[in-house]
Amino acid sequence: MGEALTIQVRDGTAELLGLASAANLTGLRVRLTGEGTALGEVTAGTSSRTTIVLDPGAALPPDGHDLRLVDPELVPFAALSDVAVHVEQDGGTTVVGDLVALTARTPSTFPGLDLHGRPDDLAGADVVVTDRPLLTQDIEAVRRLRTRGRPLVLVGLVGDGRPVPREILARALRAAVEPVVDTEGADPPGVRLLVLPDGPGVDPVLVRLMDQMGVARSWRARPWDSDTTSSSDGLPWLDTSAGTPWPDVLADLRRGVIPPTEVAPPDVGRELQRLHPSALSVGTVLLFTGLSGSGKSTVAAGVAAALRTEGSRRVTVLDGDRVRTLLSSGLSFSKEDREVNVRRIGYVAAEVARHGGTAVCAPIAPYASTRAEVRSMVEEAGGRFVLVHVATPLAVCEARDRKGLYARARTGRLPSFTGISDPYEEPEHPDLRLDTSTTSVEDCVAEVVGLLRRRGFVAGEA
Ligand SMILES: Nc1ncnc2c1ncn2[C@@H]1O[C@H](COP(=O)(O)OS(=O)(=O)O)[C@@H](OP(=O)(O)O)[C@H]1O
Ligand SMILES: Nc1ncnc2c1ncn2[C@@H]1O[C@H](COP(=O)(O)OP(=O)(O)O)[C@@H](O)[C@H]1O
C-alpha cells in the first residue's frame with residue numbers, strides 16, 4: 001500500500017497533490033461531480049490510502065462504505081473502500097479510504113507514464129526532454145547530436161502548467177521525429193516518443209527515472225519564454241542556432257500566417273496553428289440579450305445575414321423562439337427554466353465555437369449569472385464571447401407589442417413577464433449596447449459587424 005495522497009476538488013476537477021510522495025499513483029486524474037461520483041482515469045493498478053477533499057455541498061458517501069469512481073461512460077474504474085468522512089471547519093469535506101484501481105490498465109514499469117514508447121526505451125538512449133513542439137532549428141540540433149546506432153527518445157511533458165495540450169504535443173513531436181528518422185536511413189525503432197503527464201514533482205521523478213534507466217546523454221529544449229542559462233533540473237539546453245525569434249512566429253500565427261519550413265516542418269506548423277489559432281479561426285459566440293420586443297431577433301438576423309454575405313465565418317443562429325420550440329420545448333418562464341433554457345443555448349453555442357463557427361443567440365437571458373455561465377462555457381471551449389445588450393426602453397418594447405404579450409402581462413393574464421412582473425438584470429459591462437428606438441436596424445447591424453471586425457473576428461478593414 002502506498003503513502004497517502006490528497007486529491008483536492010475545485011470546480012468539479014480534482015487536482016492530485018503530493019505526487020512525488022505517491023509515485024505509485026503518478027498520473028492519477030480524478031474528477032468528482034457534485035453527487036460524489038467521479039470522472040477520470042487512474043493509470044496505476046495499485047492501491048493506496050487516499051484522501052479526497054469534496055466540494056462543499058457534494059453528497060457524502062456513507063461512512064464505512066465504498067465510493068466508486070467512474071469514467072465518463074460511468075464505468076467504475078476505481079473504488080475508495082473503507083471510507084471515513086470528515087467534515088472540516090470551513091465546511092469542506094474530506095473522504096479518506098483505500099483507493100483501489102478496478103480496471104486493468106496497461107501495466108507500466110513506471111506508473112503514470114502515458115506511453116507511446118516505454119520507460120525501458122530510455123536505457124542507453126540519447127534523450128531530449130521538451131514541453132513544446134520542436135521547430136526546424138531544434139530538429140537540426142537533434143540531427144547533429146544523433147549518434148548512429150544509439151536510440152533517441154523524445155520525452156514530451158504535458159499537463160497543467162505546461163504550455164501545450166497533450167494531443168498537440170504528441171502529434172507535433174511525432175511529426176518532428178519523422179525528418180530525423182528519414183535522413184538517418186530509417187531506423188524507426190531507435191526513435192521513441194514518451195509523453196509524460198505533469199504534476200508537482202514530475203521533473204525530479206523524470207530525472208530519477210532517467211538515472212535509473214541509464215540514459216546515455218540528455219538535453220532539454222529551451223522553453224519559448226526562457227532566456228535563462230541553465231534548466232531547473234540541470235539538463236543542458238538543446239543547442240540551437242538563432243532562428244526566427246518565437247515572438248515573431250507567434251505574431252505570424254495570430255495573423256493566420258503558416259510558418260515557413262525554415263521555422264517548422266509543415267506538420268509541426270499545422271500543430272502550431274492549432275495551438276495559436278488566428279482570431280479568424282477562433283469560434284465566436286454573440287449573445288444578444290434584452291427585453292421582449294427590444295429587437296434582438298431582428299438585429300441578430302441582420303448580423304447573421306451580413307456575416308454570411310461577407311463569407312469568412314460559418315454562422316448558426318439560435319433564436320429564442322426556435323430554441324423554445326426545439327431545444328427547450330416544455331420549459332416554462334420560471335427562473336429555473338429560464339436558466340436551463342439559456343444554459344442549453346450556451347452549451348450548443350459553445351460547441352459551435354469549439355469547431356470554429358459563429359453562433360448568434362438571441363434569448364432574453366435576464367440573469368447576469370446565467371450569462372456569465374454561458375461566457376465560461378464558450379471560453380472553456382476555446383471560443384470568444386461577445387455580449388450585446390439590446391437596451392431598447394421598456395416603453396418602446398411595450399408600444400411595439402408585436403405579439404400582444406405586454407397587454408396580456410399588464411392585465412395579469414400572462415404572469416412572470418420580463419420587465420413587467422419578472423426581473424431583467426441589465427448587463428453592467430456589455431461589449432456593445434444598442435438602443436433600437438434611436439438607431440435603425442441597418443446601423444445596429446453595422447455597429448455589431450464593426451465591433452467584430454475591430455476584434456479580428458471577421459475579415460475586412462475595421
Ligand atoms: N413570461 C414571459 N416572459 C418573457 N417572455 C415570454 C414570456 N412568455 C412568453 N414569452 C415569449 O418568449 C420569448 C422569450 O423566450 P426566451 O427563451 O428568449 O426567454 S428566456 O431567455 O428564457 O428568459 C419572448 O420572445 P421575444 O419577444 O423574442 O423575446 C416572448 O415572446
Ligand atoms: N432599429 C430596430 N432594430 C430592431 N428592431 C426594430 C428596430 N426598429 C423597429 N424594430 C421592430 O421592433 C421589433 C423587434 O422585434 P424582435 O426583433 O422580435 O425583438 P425581440 O427578439 O427582442 O423580441 C420588430 O417588429 C422590428 O421590426
Side-chain angles (χ1 to χ4, degrees), residues 285-306 316-350 359-375 377-378 385-427 430 432-451:
V285 172
L286 267 172
L287 182 70
F288 289 87
T289 172
L291 299 172
S292 173
S294 58
K296 303 181 298 293
S297 307
T298 306
V299 179
V303 169
T316 295
V317 177
L318 295 167
D319 185 60
D321 293 332
R322 288 202 36 93
V323 168
R324 281 273 173 184
T325 49
L326 293 169
L327 257 188
S328 292
S329 64
L331 289 187
S332 72
F333 288 89
S334 67
K335 180 172 197 281
E336 291 73 26
D337 278 7
R338 287 179 195 264
E339 284 175 342
V340 170
N341 176 44
V342 174
R343 241 179 246 136
R344 284 182 187 170
I345 293 172
Y347 172 73
V348 175
V360 180
C361 319
I364 294 179
Y367 296 109
S369 61
T370 331
R371 294 190 298 255
E373 273 183 60
V374 174
R375 175 188 289 277
M377 278 192 267
V378 173
F385 180 80
V386 178
L387 185 68
V388 180
H389 179 201
V390 186
T392 310
L394 173 65
V396 176
C397 300
E398 189 167 357
R400 286 176 181 164
D401 205 10
R402 287 203 306 152
K403 303 176 192 167
L405 297 176
Y406 281 96
R408 288 173 55 203
R410 283 290 181 200
T411 52
R413 284 171 294 151
L414 183 60
S416 310
F417 193 78
T418 306
I420 307 294
S421 45
D422 217 46
Y424 178 79
E425 298 172 2
E426 301 227 331
L432 191 62
R433 219 186 286 275
L434 300 173
D435 180 349
T436 67
S437 66
T438 52
T439 313
S440 70
V441 180
E442 294 69 31
D443 287 353
C444 289
V445 169
E447 277 203 46
V448 177
V449 174
L451 173 77

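Read the numbers this way: they start at 1 and go in the same order the structure lists the ligands and their atoms. Predicted model, so just to flag it, every value in this text is computed and none were measured.
Remark: minimum distance from atom 19 (O) of ligand 2 to any protein heavy atom is reached at Gly295 N, 3.1 Å. Closest to atom 4 (C) of ligand 1, if we only count protein heavy atoms, is Thr418 OG1, 3.3 Å. In this structure, the protein non-hydrogen atom closest to atom 2 (C) of ligand 1 is Phe417 CD1, 3.4 Å. Ser292 OG, 4.0 Å is the protein heavy atom nearest to atom 24 (C) of ligand 1. Of all protein heavy atoms, the one lying nearest to atom 21 (O) of ligand 1 is Ala365 N, 2.9 Å. With hydrogens left out, the protein atom closest to atom 21 (O) of ligand 2 is Ser297 OG, 2.6 Å, a heavy atom. Considering only non-hydrogen protein atoms, atom 3 (N) of ligand 1 sits nearest to Arg338 NH2, 2.9 Å. Looking from atom 6 (C) of ligand 1 to the surrounding protein, the closest heavy atom is Phe333 CE2, 3.5 Å. Looking at atom 18 (O) of ligand 1, its nearest protein heavy atom turns out to be Ile364 N, 2.9 Å.
Side-chain atoms of Val374 and Val378, non-hydrogen and from C-beta on, do get closer than 4.5 Å to each other. Looking only at side-chain heavy atoms (C-beta outward), Val340 and Arg344 come within less than 4.5 Å of each other. With contacts defined as side-chain heavy-atom distances shorter than 4.5 Å, the pair Cys397/Ser294 qualifies. At least one side-chain heavy atom of Ile420 sits under 4.5 Å from a side-chain heavy atom of Leu394. Annotation: side chain of Arg338 is not in contact with side chain of Thr370 (no heavy-atom distance under 4.5 Å). Side-chain atoms of Phe288 and Val448, non-hydrogen and from C-beta on, do get closer than 4.5 Å to each other. In this structure the side chain of Asp422 never reaches within 4.5 angstrom of the side chain of Lys335, judged on heavy atoms.
The shortest N/O to N/O separation between Gly293 and ligand 2 falls below 3.5 Å. Ligand 2 has an N or O atom lying under 3.5 Å from an N or O atom of Val441, backbone or side chain.
Counting non-hydrogen atoms of neighbouring residues, nucleotides and ligands closer than 6.0 angstrom, the OH atom of Tyr424 exceeds 12 such neighbours.
Across the listed options Thr298, Ile364, Val390, Thr298 owns the non-hydrogen atom lying nearest to atom 5 (N) of ligand 2. Among Arg400, Arg402, Glu442, the residue whose heavy atom lies nearest to atom 15 (O) of ligand 2 is Arg402.
Heavy-atom separations between Ala362 and ligand 2 are all 4.0 Å or longer. Ligand 1 does not have Gly290 within reach: every non-hydrogen atom of the residue lies 4.0 Å or more from it. Within the structure, ligand 2 has Ser292 among the residues with a heavy atom less than 4.0 angstrom away. Using a 4.0 Å heavy-atom cutoff, Lys296 is listed among the residues neighbouring ligand 1.
Counting only residues at least two apart or in different chains, side-chain hydrogen bond (donor to acceptor under 3.5 Å, both in side chains) contacts with residues 385-394 comprise His389-Arg433, Thr392-Thr436.
Close approach of ligand 1 to Leu405 is summarised as follows: ligand atoms under 4.0 Å from at least one heavy atom of the residue are 11 (C), 30 (C), 31 (O). Shown in contact with Arg324 at under 4.0 Å from a heavy atom are these atoms of ligand 1, numbered in order with element: 15 (O), 16 (P), 17 (O), 19 (O), 20 (S), 22 (O). For ligand 2, the atoms lying closer than 4.0 Å to a non-hydrogen atom of Leu291 are 22 (O). Taking every non-hydrogen atom of Gly293 and a distance limit under 4.0 Å, the qualifying atoms of ligand 1 come out as 27 (O). Counting the atoms of ligand 1 from 1 in the order shown, those under 4.0 Å from a heavy atom of Val342 are 21 (O). Residue contact check: Pro366 has heavy atoms under 4.0 Å from atoms 21 (O), 23 (O) of ligand 1. With ligand atoms numbered from 1 in the order given, ligand 1 contributes 1 (N) to contacts under 4.0 Å with heavy atoms of Pro415. For ligand 1 and Lys403, the ligand atoms under 4.0 Å from any heavy atom of the residue are 25 (O), 26 (P), 27 (O), 28 (O), 31 (O). Proximity to Ser440 (heavy-atom distance under 4.0 Å) selects the following atoms of ligand 2: 1 (N).
Residue contacts with ligand 1 for Ser416 involve N, CA, C or O but no side-chain atom from C-beta outward (heavy atoms, distance under 4.0 Å). Looking at Thr439 against ligand 2, only its backbone comes within 4.0 Å, counting heavy atoms. Here Ser294 has no heavy atoms under 4.0 Å from ligand 1, in either its backbone or its side chain.
Closest non-hydrogen pair, Pro423 versus Pro366, comes out as O-CB, 3.4 Å. For Ile345 against Pro363, the heavy-atom pair with the smallest separation is CD1-CB, 3.7 Å. Between Val445 and Ala306, the shortest heavy-atom contact is CG1-CB, 4.2 Å. For the pair Lys296 and Thr289, the tightest heavy-atom approach, listed with the atom from each and the gap, is CD-C, 3.7 Å.
Judged by distance alone, with hydrogens and angles left aside, the side-chain atoms of Tyr406 form a donor-acceptor pair with the main-chain N or O of Ser292 at under 3.5 Å.
Leu286 contributes atom CG, which lies 11.0 Å from atom CG of Leu318 (distance to the nearest 0.5 angstrom).
Under the 6.0 Å distance and 45° angle rule, Arg324 counts as a cation-pi partner of Phe333.
Under 4.0 Å is where a charged nitrogen must lie from a carboxylate oxygen, and between Asp401 and Arg410 no such pair does.
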